[in-house]
2 protein chains.
Amino acid sequence: MAEGDETEVRAANTGTLGKAMAVLELVALADRPLRFTEILARAGQPRATLHRQLGHLVEEGLLELNADLCYEPGLRMLKLASASWARSDLRRLAAPHLQALHELTGETVHLGVLRDAEIIYLDKVESRQAVRMASQVGKTSPAHCTGVGKAALSLLSAERLHRLFGGVELLGFTPTTITARDALEAELALIREVGHAFDREEHEAGIRCVAAAISDQQKTFVGGISVTGPAYRVGEDVLQAWAPLVRNAAAAISEEIAVRLGPRP
Amino acid sequence: MAEGDETEVRAANTGTLGKAMAVLELVALADRPLRFTEILARAGQPRATLHRQLGHLVEEGLLELNADLCYEPGLRMLKLASASWARSDLRRLAAPHLQALHELTGETVHLGVLRDAEIIYLDKVESRQAVRMASQVGKTSPAHCTGVGKAALSLLSAERLHRLFGGVELLGFTPTTITARDALEAELALIREVGHAFDREEHEAGIRCVAAAISDQQKTFVGGISVTGPAYRVGEDVLQAWAPLVRNAAAAISEEIAVRLGPRP
DNA sequence: CTAGCTTGTTCCATTATGTGGAACTTGGTT
DNA sequence: AACCAAGTTCCACATAATGGAACAAGCTAG
């Protein structure tokens, strides 16, 4: 019934699983443990239904219900995520290139892939720091204001871009964030031309980076790598100097992907 | 119908979600991308059913179906797990203690928690190494042959222990792995008495460690920390010398947990 | 201490959803 | 062309999710 909007219906047809995942995500991405009622308010689901869903999620180890009756992320997710991360082909294949890039530049190097309008960081190499190490792996950032993100977006078709950013607004994070649709398109065209993307404090103040896209020949997969550093250390000249290094590394990785996918005979 | 065994039925009553998670885990913990038929063989589920489940998992971003029709872990899990890891209270609270322990010993320090009969590593601090950093976070190891695992087990009631290891065999990994039930119980009693656990190459040859348990006063939660090093560098004397350091750190963390949970007034 | 609230939990008739045997494609092999 | 294996779709059927409503448990106020 009601086939309705053919217009890119975002709501997936994943039945029970989809609803459970929505609840899981709600809790996992919250910034603190949530009470039943808080979840109820945000989940838009009848009490009894939500109650059972939460019960199932807890029983599966995806959530935990602590002594204060607050729901928290469970450990099962960590296990699953870790296992899949460990065998990510892209990550393994890119690792030496990241390392090399780090040694050349001395700054932090990231590997990220595009998922919807977000970049998910898969790996990073950084100098010994006080900052916790894995802190960035699995983290997501908006694509339109990060180096890796813009590099990845630059390879998408106009149509796919339109789908991603169709109705939504481009959030601004700093004074330099690109928030106008047409400005972003111009930026992407430029990036496509020169082969690398800059992030000049567009996501976080005081942080600059150079990035280049990774893709297989059909541009089915899109991700990218970047070198990031604090603005006081990374001036415009430095960004420009690093650009070719990043481009080369990205190209090398893209090539290896192509080889792995096999030269169809 | 058939309420059957009341005897600790492991099969959860999580309906559709449980089945989906079983399939997800099957794929995520495999050591390579799997074809539909391979999954079919291992999942013990009718074709059509499995096909729809996989479809849903893919649509939800929990799995990905690559060009060779192989199913691989998706990125959604990584995102969720990363977000929850970042805000894990235990991890944040323990971090400075891990760091301190690392500085005292110069070796790798782990934080892990018990889940069923497994230890899941939540964090680690290690020297700068060639080995990739996050490689261990989220990883699981059997509890009966790791330092953290045995320390955690030592705090469980006999009844809970029995439930965990009831029917299953204790897998052996090296010549020194404890595989006899009664030997394990004796070891746990000893650990309970002295307050720390050793792993003398019981899980991996050439790797030794000292661990101590972390728990809240009701022993509801159980985890542990450990210092690990290669056998050639870590002799029996070193293990003994580190034991008090590890015990103290674990005690300090346990205390902080107790404080956080609040001195109920 | 009771009345009145809010928050969490359980019940159960209703029906939407997932189930799975079987039939149907698709692509490769002899 | 005939065959086989791998993947995909169909649809009558029954299981499993749904959600309104009643129930318990904790608080706070009168």
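Here is how names work: the chains are called A, B, and so on, in the same order as the sequence lines, proteins then strands, and each is numbered from 1.
A search for side-chain hydrogen bond (donor to acceptor under 3.5 Å, both in side chains) contacts involving E169(A) returns nothing, not counting sequence neighbours. In this structure E185(A) satisfies the side-chain hydrogen bond (donor to acceptor under 3.5 Å, both in side chains) test with no other residue, sequence neighbours excluded. Residues that satisfy the ring pair (Phe, Tyr, Trp, His ring centres under 6.0 Å) test with H97(B), not counting sequence neighbours, are absent from this structure.
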For a quick test of your reading: what N or O donor-acceptor pairs under 3.5 Å do the side chains of residues 46-58 of chain A make, sequence neighbours left out?
unit_1	atom_1	unit_2	atom_2	d
H56(A)	NE2	N13(B)	O	3.4

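In this structure, the side chain of S254(B) engages the main chain of S215(B) through a donor-acceptor pair within 3.5 Å.
Heavy atoms of L69(A) sit under 4.0 angstrom from primed sugar atoms or phosphate atoms, though from no base atom.
To the nearest angstrom, C1' of dT9(C) lies 14 Å from CZ of R35(A). Rounded to whole Å, atom C1' of dG7(D) lies 12 Å from atom CD1 of I39(B). In this structure, the CG atom of L50(A) is 14 Å from the P atom of dT10(C), given to the nearest Å. One atom, CG of L54(B), and another, P of dA6(D), lie 16 Å apart when rounded to the nearest Å. If you measure from atom CZ of F36(A) to atom C1' of dA25(D), you get 15 Å, rounded to the nearest angstrom. Regarding E59(A), its CD atom lies at a distance of 14 Å from the P atom of dA16(D), rounded to whole Å. Residue H51(B) contributes atom NE2, which lies 16 Å from atom C1' of dC11(D) at whole-angstrom precision.
The salt bridge (Lys or Arg N to Asp or Glu O under 4.0 Å) analysis of residues 14-33 of chain A, with sequence neighbours excluded, yields the pairs E25(A)-R76(B), R32(A)-E38(A).
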| said: Output one letter per nucleotide in nucleotides 18-27 of chain C: B when a protein non-hydrogen atom lies under 4.0 Å from the base, S when only the sugar-phosphate is that close, - when neither is. | reply: SBBB------
